[in-house]
Amino acid sequence: MSKSFLYFICCVSAMGGLLFGYDWVVIGGAKPFYELYFGISDTPYMQGLAMTTANLGCLAGAMVAGMMADRFGRKPLLQIAAMFFTVSAIATGCFNDFFLFNIARFIGGVGIGVASALSPMYIAEVSPAEIRGRLVSLNQMTIVLGILMAQIVNMLLAEPVDEFLSLEDQLKTWNVGQGWRWMFWAETLPAALFLIMSFFIPESPVYEQIKLQSDQQSHLQRVGLKELFDHKYSRILTLGLVIAVFQQWCGTNVIFNYAQEIFEGAGYSVDGMFINIVITGIANVVFTFVALYTVEKWGRRTLMLIGSLGLGLIYLVLGTCYFLHVEGFVMVALVVLGISCYAMTLAPVTWVLLAEIFPNRIRAVAMATCTFALWVGCCTLTYTFPVMNASLGSYGSFWIYALICLSAYVYLYRYCPETKGVSLTELENKLINK
């Protein structure tokens, strides 16, 4: 396989990450407007439901991704994810009923769940060991580009808001009537492009090998959860589950999903919120570029330790600033610093480790299980933040996230291995066959 073709198929697979990032974050910009449209602005539990529905779809997608990928292959599942993204993008903006809106978000979530499990796994399986970390991190790069794309689209589509408008007049504005719909519809073009391009990539060579072995040995035809939870896999499975859940429970993603509350708490208006969101998106992209180089030079373990400790300290300071009612530039700087730390460490390296630490035979089901756990973490994080923020305040929420990060640092220091530059077969011998 030529190097140019390798990069091509990795970029196509990583488009799942682009749509993952866009679909996941676009709702944060649409949130102030569809909440007014559906009449849930003063109902935190309904707000949490609207933000969590896609995550529930992620759970469903991740749950079936492993089994389906082993049965039908990686490529068909990526194509199905692309179709789900396309349908969801169109339907979410079309529906006028809150229940149907959530159904459409759920469909998009299924696409995210499938793509988030399969895209990094597919890239890891086609990549040589010496650049595997960089190529798997490419998936995270497309995720943050999708996030930035959503943030820019939201900013461009949202018209300036007159804060003194009555509720009746706000309901008549472009933002509430049509703007939030176009934020979702803008995803249709990249989703359709992903679907078309997915027909030009080959099947994973690892899947072809597994399929050949299954044809030759009938007892290898199915790998299920029973085998995954075998004692010999307990160490790496526990590590994978902790890493997956921690990537969400570290708290950084509430900044993307609840930007309105985060920046309003720092003293910014809705218009200022959109500008600050784009600033955080740019920082996210820049430091993900940094990760593309450091993941092979510094290693996975080092970056995970830097991320957990760094975020723990940043959130301690950020929570204290909220407690002291600090506002303005200092708060934006701390938020950007937290996102930058996350973007070059936990965000990409989590997917790299999950794609590397499991042996070929169980990788699909293990990756799906860990991705399922990741989205459980995302659901609980997303749903609980409005309630936590209302009861504990922003300072209490970020102090809790700081405690989680510092606790994870202790665990990772003890149990996280270094995987850079090691082939998948050698990793299996190192982590399993002892």
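Model, not experiment: these values are computed from the prediction.
Residue Y409 comes nearest to L305 through the heavy atom pair CD1-O, 3.5 Å, listed as atom of the first residue, atom of the second, then distance. Scanning both residues, Y411 and L239, for their nearest heavy atoms gives OH-CA, 3.6 Å. Considering every non-hydrogen atom in both S13 and S119, the closest pair reads O-OG, 2.8 Å. Here the closest heavy-atom approach between residue A82 and residue F194 is recorded as CB-CD2, 3.3 Å. Contact detail for C321 and L334: the closest heavy-atom pair is SG-CD1, 3.7 Å. Across all their heavy atoms, I123 and V136 have their closest contact at CG2-N, 3.7 Å.
In summary, of the residues considered (M183, K31, Q151), a side chain to side chain contact (heavy atoms under 4.5 Å, CB included) with V26 occurs for M183 alone.
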Inset, instruction - Give the C-alpha distance, both sets of side-chain angles, the deciding distance and a yes or no for side-chain contact (heavy atoms from CB on, under 4.5 Å) between I243 and M304. - result: CA-CA 9 Å; I243 290 173; M304 290 296 287; 3.9 Å; yes
Inset, instruction - Go through V336 and I279 one step at a time and tell me if the side-chain contact (heavy atoms from CB on, under 4.5 Å) criterion holds. - result: CA-CA 8 Å; V336 170; I279 292 172; 3.9 Å; yes
Inset, instruction - Apply the test side-chain contact (heavy atoms from CB on, under 4.5 Å) to residues V126 and C10: give CA-CA distance (whole Å), side-chain angles for both, the deciding distance (0.1 Å), then the verdict. - result: CA-CA 8 Å; V126 301; C10 288; 4.0 Å; yes
Inset, instruction - Begin with the C-alpha distance, continue with both residues' side-chain angles, and end with the deciding distance and a verdict on ring-ring contact (aromatic ring centres under 6.0 Å, His included) for Y293 and W298. - result: CA-CA 9 Å; Y293 294 94; W298 295 4; over 10 Å; no
Inset, instruction - Go through the steps for W174 and F33 under the test side-chain contact (heavy atoms from CB on, under 4.5 Å), then give the verdict. - result: CA-CA 9 Å; W174 153 263; F33 312 127; over 6 Å; no
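Looking at E356 and R300, a side-chain N of the basic residue comes within less than 4.0 Å of a carboxylate O on the acidic one, giving a salt bridge.
Side-chain polar atoms of T252 and Y401 form no donor-acceptor pair below 3.5 angstrom. Between the side chains of T380 and W249, at least one donor-acceptor pair of N or O atoms lies under 3.5 Å. Using modelled atom types, one finds a donor on one side chain and an acceptor on the other under 3.5 Å when comparing W375 with S116.
Taking the ring axis of Y37 as reference, the NZ or CZ atom of R181 stays within 45° of it and closer than 6.0 Å to the ring centre.
Annotation: side chain of S88 is in contact with side chain of D23 (closest heavy-atom distance under 4.5 Å). A heavy-atom distance below 4.5 Å is found between the side chains of E125 and M121. Y122 has its side chain within reach of I9: a pair of non-hydrogen atoms, C-beta onward, lies under 4.5 Å apart. Contact check for P190 versus Y22: no side-chain heavy atoms found under the 4.5 Å cut-off. Put simply, the side chain of L316 reaches to within 4.5 Å of the side chain of W399, judged on heavy atoms. Under the 4.5 Å side-chain criterion, counting only non-hydrogen atoms from C-beta, C250 is in contact with L346. Residues S137 and T288 form no side-chain contact, since every pair of their non-hydrogen atoms from C-beta on lies 4.5 Å or further apart. In this structure the side chain of S407 never reaches within 4.5 angstrom of the side chain of F246, judged on heavy atoms.
Judged purely by atom type and a 3.5 angstrom limit, D97 uses its side chain to pair as donor or acceptor with the backbone of L100. No donor-acceptor pair under 3.5 Å is formed between the side chain of N139 and the backbone N or O of L135. The backbone N or O of M46 sits nowhere less than 3.5 Å from a side-chain atom of T43 that would complete a donor-acceptor pair. Of the possible donor and acceptor atoms, none in the side chain of K420 sits under 3.5 Å from a partner among the backbone N and O of G133. Side-chain atoms of Y207 come within 3.5 Å of backbone atoms of R71 as a donor-acceptor pair (strictly under, hydrogens ignored). Q247 places no side-chain N or O within donor-acceptor distance of the main-chain N or O of T350, the cut-off being under 3.5 Å. With hydrogens and angles disregarded, a donor-acceptor distance shorter than 3.5 Å links the side chain of E296 to the backbone of R134. Listed for the S198 side chain is a donor-acceptor partner under 3.5 Å among the backbone atoms of L195. In this structure, R301 contributes its side chain and Y413 its backbone to a donor-acceptor pair below 3.5 Å.
In this structure, the separation between CD on E187 and CG on L18 is 8.5 Å, given to the nearest 0.5 Å. Atom CG of residue L374 and atom CG of residue L241 lie 10.5 Å apart, to the nearest 0.5 angstrom. One distance of note links CH2 of W185 with CD1 of I90; it measures 10.0 Å at 0.5 Å rounding. Separating the CD1 atom in I282 from the CD1 atom in I147 is a distance of 13.5 Å, to the nearest 0.5 Å. Interatomic distance, CD1 of I112 versus CD1 of I107, reported as 12.5 Å (0.5 Å rounding). The structure places CE of M367 at 11.0 Å from OG1 of T369, a figure rounded to the nearest 0.5 Å.
Aromatic ring centres of F398 and Y315: separated by under 6.0 Å. In summary, the aromatic rings of Y395 and Y322 are positioned with their centroids too far apart to meet the 6.0 Å limit. Under the 6.0 Å cut-off for aromatic ring centres, W180 and F38 qualify, their centroids lying closer than that.
In this structure V285 satisfies the side chain to side chain contact (heavy atoms under 4.5 Å, CB included) test together with M141, V144, L145, L148, F289, sequence neighbours excluded. Every side chain to side chain contact (heavy atoms under 4.5 Å, CB included) that L337 has, sequence neighbours left out, goes to I314.
Applying the salt bridge (Lys or Arg N to Asp or Glu O under 4.0 Å) test to pairs two or more places apart or on separate chains, none has a residue in residues 329-340.
Counting non-hydrogen atoms of neighbouring residues, nucleotides and ligands closer than 6.0 angstrom, the CZ atom of F8 exceeds 12 such neighbours.
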